[in-house]
Amino acid sequence: MSSLLTALSGHRPARLPVWFMRQAGRSLPEYLEARKGTSILEACLKPELAAEITLQPVRRHGVDAAIFFSDIMTPLVLAGVDVDIQPGIGPVIAEPVRTAADVDRLVAHEAGDPSAIAEAVRLVVAELGEETPLIGFAGAPFTLAAYLVEGRGSRDHLAARAMMHADPEGWNRLLGWCADISGAFLTTQVDAGARAVQLFDSWAGSLTRADYSNYVAPHSARTLAAVEGRVPRIHFGTGTLHLLTDMAALGVEAMGIDYRTPLDEAAWLLPGIPLQGNIDPALLAAGWDALRAHAADVVDRGRAAPAHVVNLGHGVPPTTDPGVLTELVAFLHEL
Ligand code: CP3
């Protein structure tokens, strides 16, 4: 079995599995070359291009998994929602969802045709073979809704967090719809050959624990249920120390830990659960000595968990020297 799948099943493989969130992307010159003249969301719908970009970091760095090149916004595009990803800004929603009537209009959109996604996944899996699994992913309902309500990224997600209290019924319809399109996106990827999935609730950290339990967790559970029993599911958020036990309780097979929480502390909170993480992305630019010492410390702390998938504590910064990532993978494989 591949080292990633062994670790996600709770066992320790001979060699630590390593992959990086955002391993495909702007840190790679071959990515910039392949993407030239194509917007990111267009690239996600071109099967050959999406497959090529997915494979680039596997070839270059020798990581132990591929993560499907797409975006948490792709299901919105497939559903016909007007969304754009603007350089330096991120996702921008043309018509933010603020009122009950906006929610009605949004939820009238159907999931759309996923055949381009399925085709891209099949191309990737055919080239990867048995040893290196493809990880599929989706955005969690809250993180998607945070963009849909705010219209773009924000720090505190005030409009989204106000809406869940002002109109709980509308909020639940909105998150139910997000849960369904993200669940369908995961199902498409698994049907086509993805052998693990990760649910990104990147912005859940802005929620109180009570709001997470009452207004968010049931919807995330519904997305995760779409592929339950088929592949291992990793659940990740940032700034979520106060939510880790609730996020794990949704019945996932592994938890992704951001760079703020040491893995031994996370292991104490989440007994028996394989952990993924959590090299601080800032250290990628701190020089080799500092990075190596930090990476070794992350691995040491990770021994408190039943199994450990090494990753960053958030995505690869676009300014990262890709040579550093290649060297880091080699270093981790020697530990
Ligand atoms: O290598 C991988 O991890 C696979 C590809 C991937 C992308 N987006 C491609 C992408 C994945 C897993 C995502 C998930 C995603 N997208 C998340 C969750 C992960 C996280 O970072 O917390 C979120 C919040 C988004 C929404 C989004 N898309 C943002 C905030 C941005 C950055 C905008 C910017 O300019 O910095 C994007 C764009 C995006 N998605 C890029 C990539 C490679 C960069 C834009 C580009 O290459 O033109």
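Atoms within a ligand are numbered from 1 in the order they appear, just like the ligands themselves. Please read these numbers as outputs of a predicted model, since none were measured by experiment.
Every atom of ligand 1 with a heavy atom of His314 under 4.0 Å away is listed here by number and element: 20 (C), 21 (O), 22 (O). Heavy-atom contacts of Ile67 reach the following atoms of ligand 1: 1 (O), 2 (C), 3 (O), 4 (C) (cutoff under 4.0 Å). Below 4.0 Å from some heavy atom of Arg35 lie the following atoms of ligand 1, by number and element: 46 (C), 47 (O), 48 (O).
Contacts between Ser70 and ligand 1, counted as non-hydrogen atom pairs separated by less than 4.0 Å, involve the backbone only. At a 4.0 Å heavy-atom cut-off, ligand 1 does not touch Met73 at all.
Backbone and side-chain nitrogen or oxygen atoms of Tyr147 are examined, and none is located within less than 3.5 angstrom of a nitrogen or oxygen of ligand 1. On a distance-only criterion, Trp203 and ligand 1 share no N/O pair closer than 3.5 Å. In terms of polar-atom proximity, Ile85 is not counted as a contact of ligand 1, lacking any N or O under 3.5 Å from an N or O of the ligand. Annotation: Thr143 places no N or O atom under 3.5 Å from an N or O atom of ligand 1; distance criterion only.
Taking a cutoff of 4.0 Å between a charged side-chain nitrogen and a carboxylate oxygen, Arg59 and Glu30 do not qualify as a salt bridge. A salt bridge is absent between Glu150 and Arg155; no separation between the charged side-chain nitrogens and carboxylate oxygens falls under 4.0 Å. A salt bridge does not link Lys46 to Glu52: none of the charged nitrogens lies less than 4.0 Å from a carboxylate oxygen. One finds no salt bridge joining Arg152 and Asp84 here, because no Lys/Arg side-chain nitrogen approaches an Asp/Glu carboxylate oxygen to under 4.0 Å.
In this comparison of Met21, Gln198, Arg22, the heavy atom closest to atom 32 (C) of ligand 1 sits on Arg22. Looking at Ala24, Cys44, Gly153, it is Ala24 that brings a heavy atom closest to atom 1 (O) of ligand 1. Distances from atom 33 (C) of ligand 1 to the heavy atoms of Ala50, Gly90, Ala43 show the closest one on Gly90.
Of all protein heavy atoms, the one lying nearest to atom 35 (O) of ligand 1 is Gly88 N, 3.0 Å. Among protein heavy atoms, atom 47 (O) of ligand 1 sits closest to Tyr31 OH, 2.5 Å. Protein heavy atom in closest approach to atom 4 (C) of ligand 1: Phe68 O, 3.5 Å. Protein heavy atom in closest approach to atom 23 (C) of ligand 1: Ile72 CD1, 3.5 Å. Residue, atom and distance of the protein heavy atom nearest to atom 8 (N) of ligand 1 are Asp71 OD1, 3.0 Å. The closest protein non-hydrogen atom to atom 18 (C) of ligand 1 is Ser202 OG, 3.2 Å. Looking only at protein heavy atoms, the nearest one to atom 42 (C) of ligand 1 is Ile40 CD1, 3.3 Å. Of the protein's non-hydrogen atoms, the one nearest atom 19 (C) of ligand 1 is Phe200 CD2, 3.3 Å.
Aromatic ring orientation, Phe236 versus His314: tilted (interplanar angle from 30° to 60°). His157 and Phe142 have perpendicular rings, their planes meeting at more than 60° on a 0 to 90° scale where under 30° would count as parallel.
Side-chain N or O atoms of Gln189 include none that pairs as donor or acceptor with a backbone N or O of Leu134 at under 3.5 Å. Of the possible donor and acceptor atoms, none in the side chain of His219 sits under 3.5 Å from a partner among the backbone N and O of Val216. Thr38 places no side-chain N or O within donor-acceptor distance of the main-chain N or O of Ala43, the cut-off being under 3.5 Å. Checking side-chain atoms of Glu42 against main-chain N and O of Ser39 turns up a donor-acceptor pair under 3.5 Å.
With respect to Val329, the side-chain contact (heavy atoms from CB on, under 4.5 Å) criterion is satisfied by exactly one of Val63, Val324, Val310: Val63.
Side-chain atoms of Phe185 and Pro114, non-hydrogen and from C-beta on, never get closer than 4.5 Å to each other.
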